[in-house]
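In each ligand, atom 1 is the first atom listed, and ligand 1 is the first ligand listed. Numbering of residues begins at 1 and proceeds along the displayed sequence. As the structure is a prediction and not an experimental result, all values here were calculated from the model.
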Amino acid sequence: MPLSRPIKKAVFPVAGLGTRFLPATKAMPKEMLTVVDRPLIQLAVDEAREAGIEHFIFVTGRNKGVIEDHFDKQYELESTLRRRGKSAELDLLEEDLPAAGQTSFTRQQEPLGLGHAIWCARELVGHEPFAVLLPDMVMHAKPSCMAQMVETYHQRGGGNVVAVEEVPWEQVSRYGVVSAHDWENNHFMIDRMVEKPKREEAPSNLIISGRYILQPEIFDLLSTATPGAGGEIQITDAMIRLMASQPFLGLAYKGTSYDCGDKVGFLAANIAFGLERDDIGPAFREAMSDVLDRYGLKLCRR
Ligand code: G1P
């Protein structure tokens with residue numbers, strides 16, 4: 001079976017409880033938190049669509065029904081907008097919506113870890129390579145991080161691809177970490193991975209950024225996986241086992257990530273995306289500058 005078949009499906013694990021954002025996430029999924037006006041899950045879907053993904057598989061849990069509603073037509077809202085002549089808003093809703101039949105939803109019934117969540121999508125993915133995007137990690141990249149990964153995947157004749165980036169050494173224990181040598185431009189073959197290592201045991205300070213292209217054989221390995229770091233079934237552990245028979249490429253994608261599973265990262269993403277916007281960017285810059293002044297800080301003027 002050739003390893004470079006096209007990547008048409010993406011899995012979005014969205015079952016997490018979001019306890020770090022309570023009380024905001026008491027009745028609302030954390031994936032609906034917004035960066036400016038786009039929910040985290042919409043940003044991840046936008047990124048996947050830019051990479052040519054045509055089917056979006058959401059692994060949800062209890063209290064996540066709003067995500068399904070978000071990717072559906074809102075008939076009443078649309079007819080009200082139409083009556084009021086709000087065509088720009090209507091166009092925006094239309095653009096954001098995957099076509100009928102392009103979304104699937106399944107549930108992770110128990111919180112057994114990220115590897116288990118991805119395994120829950122096995123029937124929907126079938127026997128083809130697929131992408132995984134963790135919506136907590138918001139990528140600011142042009143082309144999108146996943147589009148860069150798909151391009152590298154085809155250039156290198158397939159296999160598995162993991163987006164990686166450098167973080168300060170004191171943060172490595174929050175992430176999956178890979179070893180990096182024999183770089184070829186912006187990518188390299190991974191020969192070691194470890195999930196949430198202690199700083200002194202990390203093979204590098206290059207972390208797994210929450211974007212994956214995986215071959216379907218990963219599902220067999222996930223079926224027999226045992227709990228790893230944090231007592232959870234980890235995708236990293238299954239990837240380590242798959243590495244014995246298939247290549248794994250690390251791609252240092254071009255762009256910036258914001259870890260929106262963390263309050264500071266989430267606030268930083270809002271500032272960055274707000275400043276970049278054509279519509280509100282200039283006014284937001286003024287407002288930011290006033291706020292910073294009040295705290296004795298300064299925004300450098302361009
Ligand atoms: C997961 C992965 C980890 C990766 C991280 C990126 O961890 O297990 O390898 O570096 O996402 O956000 P989690 O954030 O679920 O603890």
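With sequence neighbours left out, Ala15 forms a side-chain contact (heavy atoms from CB on, under 4.5 Å) with Gln108.
Residue Tyr212 has at least one heavy-atom neighbour below 4.0 Å for each of these atoms of ligand 1: 2 (C). Which parts of ligand 1 touch Gln234 is read off a 4.0 Å heavy-atom cut-off, strictly below it: atoms 8 (O).
The shortest contact between atom 4 (C) of ligand 1 and any protein heavy atom is with Ile208 O, 3.4 Å. Scanning the protein for heavy atoms near atom 16 (O) of ligand 1, the closest one is Lys196 NZ, 2.7 Å. Met137 CG, 3.4 Å is the protein heavy atom nearest to atom 12 (O) of ligand 1. Closest to atom 11 (O) of ligand 1, if we only count protein heavy atoms, is Leu134 CD1, 3.3 Å.
A donor atom on one side chain and an acceptor atom on the other are not found under 3.5 Å apart for Thr60 and Glu68.
Asp136 places no side-chain N or O within donor-acceptor distance of the main-chain N or O of Cys260, the cut-off being under 3.5 Å.
The closest approach between a heavy atom of Thr236 and any atom of ligand 1 is below 4.0 Å.
Within the 4.0 Å heavy-atom criterion, the part of Glu195 lying near ligand 1 is the side chain and not the backbone.
Glu89 has no carboxylate O lying under 4.0 Å from a charged side-chain N of Arg84, or vice versa, which leaves the two without a salt bridge.
Note: Phe273 and His140 meet the aromatic proximity criterion, with ring centroids under 6.0 Å apart.
The 12-atom threshold is not exceeded at CD of Glu76, counting heavy atoms of other residues, nucleotides or ligands nearer than 6.0 Å.
The presence of a protein heavy atom under 4.0 Å from atom 14 (O) of ligand 1 is ruled out.
For Leu114, no nitrogen or oxygen atom sits less than 3.5 Å from a nitrogen or oxygen atom of ligand 1, counting backbone and side chain alike.
Contact detail for Ala225 and Ile233: the closest heavy-atom pair is CB-CG2, 3.7 Å.
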